[in-house]
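Residue numbers begin at 1 in each chain, while the letters A, B, ... track the order of the sequences.
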Amino acid sequence: MTHDGLYAKALDLYHEMRTLGLKPDNYTFPPVIKSCGILMDLDKGRVVHQHIIGTGIANLYVNNALIDMYSRCDELGCARKVFDKMPEKDIVSWNSLISGYSSNGYYKEALEIYYWLRNEGLVPDSFTFSRVSLACGGLGEVEEGRKVHGLVEKIGTRRDLIVNNGLLSMYLKFDDVSNCQRIFDEMVDRDSVTWDIMIFAYCELGLYEESIRLFFEMVGRYETDILTITYVLRACGHVRDLKMGRYVHEYMVNKGYECDTLSSNILINMYAKCGDISSSSKVFENMGNKDLVSWNSLINGYVENKSYNEALELFKRMKINVQPDFLTYVALLSVCKELLNVEFTEELHCDIIKQGFDSDQILGNGLIDAYAKCGKIENSMKQFENMKIRDICTWNSIIAAYARVENSMSFRMLTRMRMEGLIPDIPTLVSVLPVCSNLIAKRQGKELHGCIFKLGFESNIRIGNALIEMYSNTGNLKNSILVFEQMKSRDIISWTSLIASYGMYGEGRQAIKAFEDMKATGIIPDEIIFVAIIYACSHSGLVQEGRVFFEQMKKDYNIEPGLVHYACVVDLLARSGFLVEAEDFILSMPLKPDASIWGVLLSACRANGDLKIAERISERVSEQVIELNTNNPGYLILASNVFAALGRRGQVRTIRTSLKAQGIKKEPGFSWVEVKNRVYYFKASDRFFEQHEEVNELLDDLGRLMAKEGYVADVNSVVHDVEDVDKLNILCGHSERLAIAFGLLHTEPGTPLLVMKNLRVCVDCHTVTKYISKIVKREILVRDGNRFHLFKDGVCSCGDHW
DNA sequence: CTAGGGTTAG
């Protein structure tokens, strides 16, 4: 029989005694009242209290028992009444009342009674200290706690087990592990609770290994109860030690502890954290009483283990059995974000409203995020506007949502956030900084930098890294380097960003120097930084150096090259005109080359005007049309363009048909330029923009001046299968030329101009821009799909390695 | 007649 059963039995006996007409006395009442208290049966307790009043005389013990009973039932008013009416009190009376307040969370009141006790000149005992330290712990009253500890030392109860256990709990609440450890070490008398508290303390502080170690120190010497075991199971989960987790589970079973709902829930969590989700589900299915936490835990487990569909299925099952709570929805929202399932997100949203959780801050923020990830940013905005309370996470969610799609609304929302008096934090700024990169929002970028400086975030590594990228992407290599140099601490991402920046500007030598400097600081290169450094070599024509890095990566750092690395080497060779070598390299690589690898070579062939190899590669690419990764249709389009240039119309049609069948559209080429804080976009042969006549006039004038300088149009750059005269027209309508001309018309003579393009610049435009830079005496910075070209006085910084 | 402790998220 359980303890509860015994207490209930005692009450039954009491009842029987009364029906027999026997009169309970002051020896009968205390255990009976205690039983009511432990069973938290307030109604029976009150009845017994009436009986006591009926008999007329309650002695000290009976009254103390009554205080305890009312305390356990959270009826402190009644407890207090009994206490106040007592003709005679002892320390137990005081302790019981203090205990009542403190174990029901009324720590302030508990302390007040304690001060009153002290004012009365009474001497606290170990029970008093134990309860008072708990109250100090609950209040976070470190000062008061220290005073209590001091008094303990003075009165000489410091060796007392109960006192020390209480002090341990208190220091644990203060997160003061060193005092816990000290008390623990000095204790002469320990019991299983002492060990429990220590094990729990280490768990709470995240020192899981330490708590597991303590458990093994304790095993065999002290009784390990189910609570100890559950702490250790939690610790095993946190350190993801499946072997240890299994061992403790087995230990628990061997000890004969039946798996109650609570410990089963902990097992589900432990197995899920250790990645053994099938064990989690086994525990779950075998449970007698599944509660809300059981369902939530397994759903969370599935989410943590990326089994999103299983989580969904379980959720459906759950709804038939238990009412989900807000934690269920928190987990399910992250399923939405992964499965990108708009319908399900909307369904959840309805459920959340129906159940009245729509005012929950975390769920509200999560919905913004989920809708945005599913591509329903308008729903995100609606949710945002509907929220009554917007905390920093709410703002960050909506700002990040717009930032992810590079929408300038992210800046507008940031401004609105600041106008409403909220101060952006590091995540806010880290998410908006990259937006500056692609909108040429140089002004916003500078403003953000100012804001970062004012807020004192400039020494944050993530912020620094984002600034390096922002400056390098907006054409400001100098500032990018400056930010890097001023960073107080740097991680490998900082170095990678710096090297990538050098690479984009064709500063290969500087990139190599940075790479060596980084190694000298003791940072070990990773696979990502090798991409950056080889790319940097590639963009500067440092073929030999690039190959050395590729070898170094394998030999010195034991990094197995992936497709990206092979693509880098192909790019390295091909960009410098070693097309045959690049082709041989592809044919000899151990991994199966995909579209991106062939595509890199193909676009280099185009750039080099080598139609012969281009034709061969194009055949390869088009043959594998179906098989190849079609996420990037650019390469197939390239192949079809090659065939078009060769007049092989049949092949062109085959590729186009196949792309059409797969519903793939070419990403149209466009360029953009910032003028007076506004961004102007141009697509090829665009005739519908302000001042297109002026722009065309300027291009015509420039064309005449260029011809004088010796420029001859490269009609091979036109991929359409049309007559040469039309080809000339098409060339002149290329989006980058329109953007450059528009930019020239609207900026001061002599100032540098920045133009961006989403695709690679064609050979002819590259040549033309060189001429323009010389004729108009302007620096023209063009960022294409993967690098910067600084045109100055008829020369391009890429040294034609583009 | 008085004690001490347990599960899920971000």
Participant: Any idea which of B:dG6, B:dT2, B:dC1 is nearest the A:Phe127 side chain?
Facilitator: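 Closest nucleotide to the A:Phe127 side chain: B:dT2.
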Participant: Within the pair A:Arg234 and B:dG6, is there a side-chain N or O less than 4.0 Å away from OP1 or OP2?
Facilitator: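 Looking at the OP1 and OP2 atoms of B:dG6, neither is under 4.0 Å from any side-chain N or O of A:Arg234.
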Participant: Please list, in numerical order, the residues of residues 260-274 of chain A that have a heavy atom closer than 4.0 Å to any atom of DNA chain B.
Facilitator: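 Those residues are A:Asp260, A:Leu262, A:Ser263, A:Asn265, A:Ile266, A:Asn269.
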Participant: Round to the nearest Å and state the distance from A:Ile162 atom CD1 to B:dC1 atom P.
Facilitator: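 That distance rounds to 15 Å.
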Participant: Could you tell me which residues satisfy salt bridge (charged side-chain N to carboxylate O under 4.0 Å, His left out) with A:Lys44, sequence neighbours excluded, listed by chain and number?
Facilitator: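 Once residues adjacent in sequence are excluded, the partners of A:Lys44 under the salt bridge (charged side-chain N to carboxylate O under 4.0 Å, His left out) criterion are A:Asp41.
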Participant: Restricting to salt bridge (charged side-chain N to carboxylate O under 4.0 Å, His left out), what partner residues turn up for A:Glu217, sequence neighbours left out?
Facilitator: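 Scan of A:Glu217 (salt bridge (charged side-chain N to carboxylate O under 4.0 Å, His left out), adjacent residues dropped) gives A:Arg213.
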Participant: Would you please test A:Trp116 and A:Glu112 for side chain to side chain donor-acceptor pair (under 3.5 Å) and show each step?
Facilitator: CA-CA 6 Å; A:Trp116 181 14; A:Glu112 272 160 23; over 6 Å; no
Participant: Under the ring-ring contact (aromatic ring centres under 6.0 Å, His included) rule, collect the residues that match up with A:His51, sequence neighbours excluded.
Facilitator: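 Partners of A:His51 by the ring-ring contact (aromatic ring centres under 6.0 Å, His included) criterion, ordered by chain and then number, come out as A:Tyr14.
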Participant: What nucleic acid atoms does A:Asp225 come within less than 4.0 Å of, heavy atoms only: base, sugar-phosphate, or nothing?
Facilitator: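 Here A:Asp225 touches the bases of the nucleic acid.
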Participant: Does anything in residues 279-293 of chain A pair up under side-chain hydrogen bond (donor to acceptor under 3.5 Å, both in side chains), and if so which pairs, sequence neighbours excluded?
Facilitator: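 Listed once each, the pairs are A:Asn265-A:Asp291, A:Asp276-A:Ser279, A:Glu285-A:Arg317, A:Asp291-A:Ser294.
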Participant: We want to know whether A:Tyr202 and A:Glu209 form a side-chain donor-acceptor pair, criterion being a heavy-atom distance below 3.5 angstrom.
Facilitator: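 No.
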Participant: In chain order, what residues pass the salt bridge (charged side-chain N to carboxylate O under 4.0 Å, His left out) check against A:Asp84, with sequence neighbours excluded?
Facilitator: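 Counting only residues at least two positions away or on another chain, A:Asp84 forms a salt bridge (charged side-chain N to carboxylate O under 4.0 Å, His left out) with A:Arg80.
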Participant: Does anything in residues 312-336 of chain A reach DNA chain B, meaning a heavy atom under 4.0 Å, and if so which residues?
Facilitator: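 Output list: A:Phe326, A:Leu327.
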Participant: For the pair made of CD1 in A:Ile38 and P in B:dT2, what is the distance, rounded to whole Å?
Facilitator: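 The distance from CD1 of A:Ile38 to P of B:dT2 comes to 7 Å, rounded to the nearest Å.
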Participant: Quick one: which of A:Glu153, A:Arg146, A:Lys147 gives a side chain to side chain donor-acceptor pair (under 3.5 Å) with A:His149?
Facilitator: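 So, applying the side chain to side chain donor-acceptor pair (under 3.5 Å) to A:His149 and each of A:Glu153, A:Arg146, A:Lys147, only A:Glu153 qualifies.
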Participant: For A:Tyr115, which residues count as a side chain to side chain donor-acceptor pair (under 3.5 Å) partner, sequence neighbours excluded?
Facilitator: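 A:Glu144.
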Participant: For A:Ile91 and B:dA3, give me the distance from atom CD1 to atom P, rounded to whole Å.
Facilitator: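 Answer to the nearest Å: 14 Å.
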Participant: What nucleotide, of B:dG10, B:dT7, B:dC1, holds the atom closest to the side chain of A:Lys34?
Facilitator: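 Looking only at heavy atoms from C-beta outward on A:Lys34, the closest nucleotide is B:dC1.
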Participant: How many Å lie between CD1 on A:Ile277 and C1' on B:dT8, as a whole number?
Facilitator: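 Atom CD1 in A:Ile277 sits about 13 Å away from atom C1' in B:dT8.
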Participant: Which of these nucleotides, B:dT2, B:dT8, B:dG6, is closest to any side-chain atom of A:Leu227?
Facilitator: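 For the A:Leu227 side chain, the nearest candidate turns out to be B:dG6.
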Participant: At under 4.0 Å between heavy atoms, what does A:Arg190 touch on the DNA or RNA strands: base, sugar-phosphate, or nothing?
Facilitator: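 A:Arg190: no heavy atom of the nucleic acid under 4.0 Å.
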Participant: Who pairs with A:Tyr70 by ring-ring contact (aromatic ring centres under 6.0 Å, His included), at least two apart in sequence or on another chain?
Facilitator: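 By the ring-ring contact (aromatic ring centres under 6.0 Å, His included) rule, A:Tyr70 matches A:His49.
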Participant: May I have the distance from A:Phe200 (atom CZ) to B:dA3 (atom P), rounded to whole angstrom?
Facilitator: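 One finds 19 Å between P of B:dA3 and CZ of A:Phe200, rounded.
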Participant: Are OP1 or OP2 of B:dA3 and a side-chain N or O of A:Arg72 less than 4.0 angstrom apart?
Facilitator: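 Yes, because at least one side-chain N or O of A:Arg72 sits under 4.0 Å from OP1 or OP2 of B:dA3.
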Participant: Between atom CG in A:Asn165 and atom P in B:dT2, what is the gap in whole Å?
Facilitator: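 Distance, rounded to whole Å: 18 Å.
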Participant: Taking the side chain of A:Thr230 as heavy atoms from C-beta outward, which of B:dG6, B:dG10, B:dT8 is closest to it?
Facilitator: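 Closest nucleotide to the A:Thr230 side chain: B:dG6.
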Participant: Nearest whole angstrom, please: distance from the P of B:dT7 to the CG of A:Asn300.
Facilitator: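 To the nearest whole Å, that distance equals 15 Å.
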Participant: Within the structure, does a side-chain N or O atom of A:Ser99 lie under 4.0 Å from either OP1 or OP2 of B:dT2?
Facilitator: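 Indeed not, no polar side-chain atom of A:Ser99 lies that close.
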Participant: Please report the distance, rounded to the nearest Å, between CD1 in A:Ile199 and P in B:dT7.
Facilitator: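 Rounded to the whole Å, the gap is 14 Å.
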Participant: Could you tell me whether A:Asp68 contacts a base, only the sugar-phosphate backbone, or nothing, with contacts defined as non-hydrogen atoms closer than 4.0 Å?
Facilitator: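 Sugar-phosphate, no base atom in range.
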Participant: The side chain of A:Tyr231 is closest to which nucleotide in this list: B:dC1, B:dG6, B:dA3?
Facilitator: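 The closest nucleotide is B:dG6.
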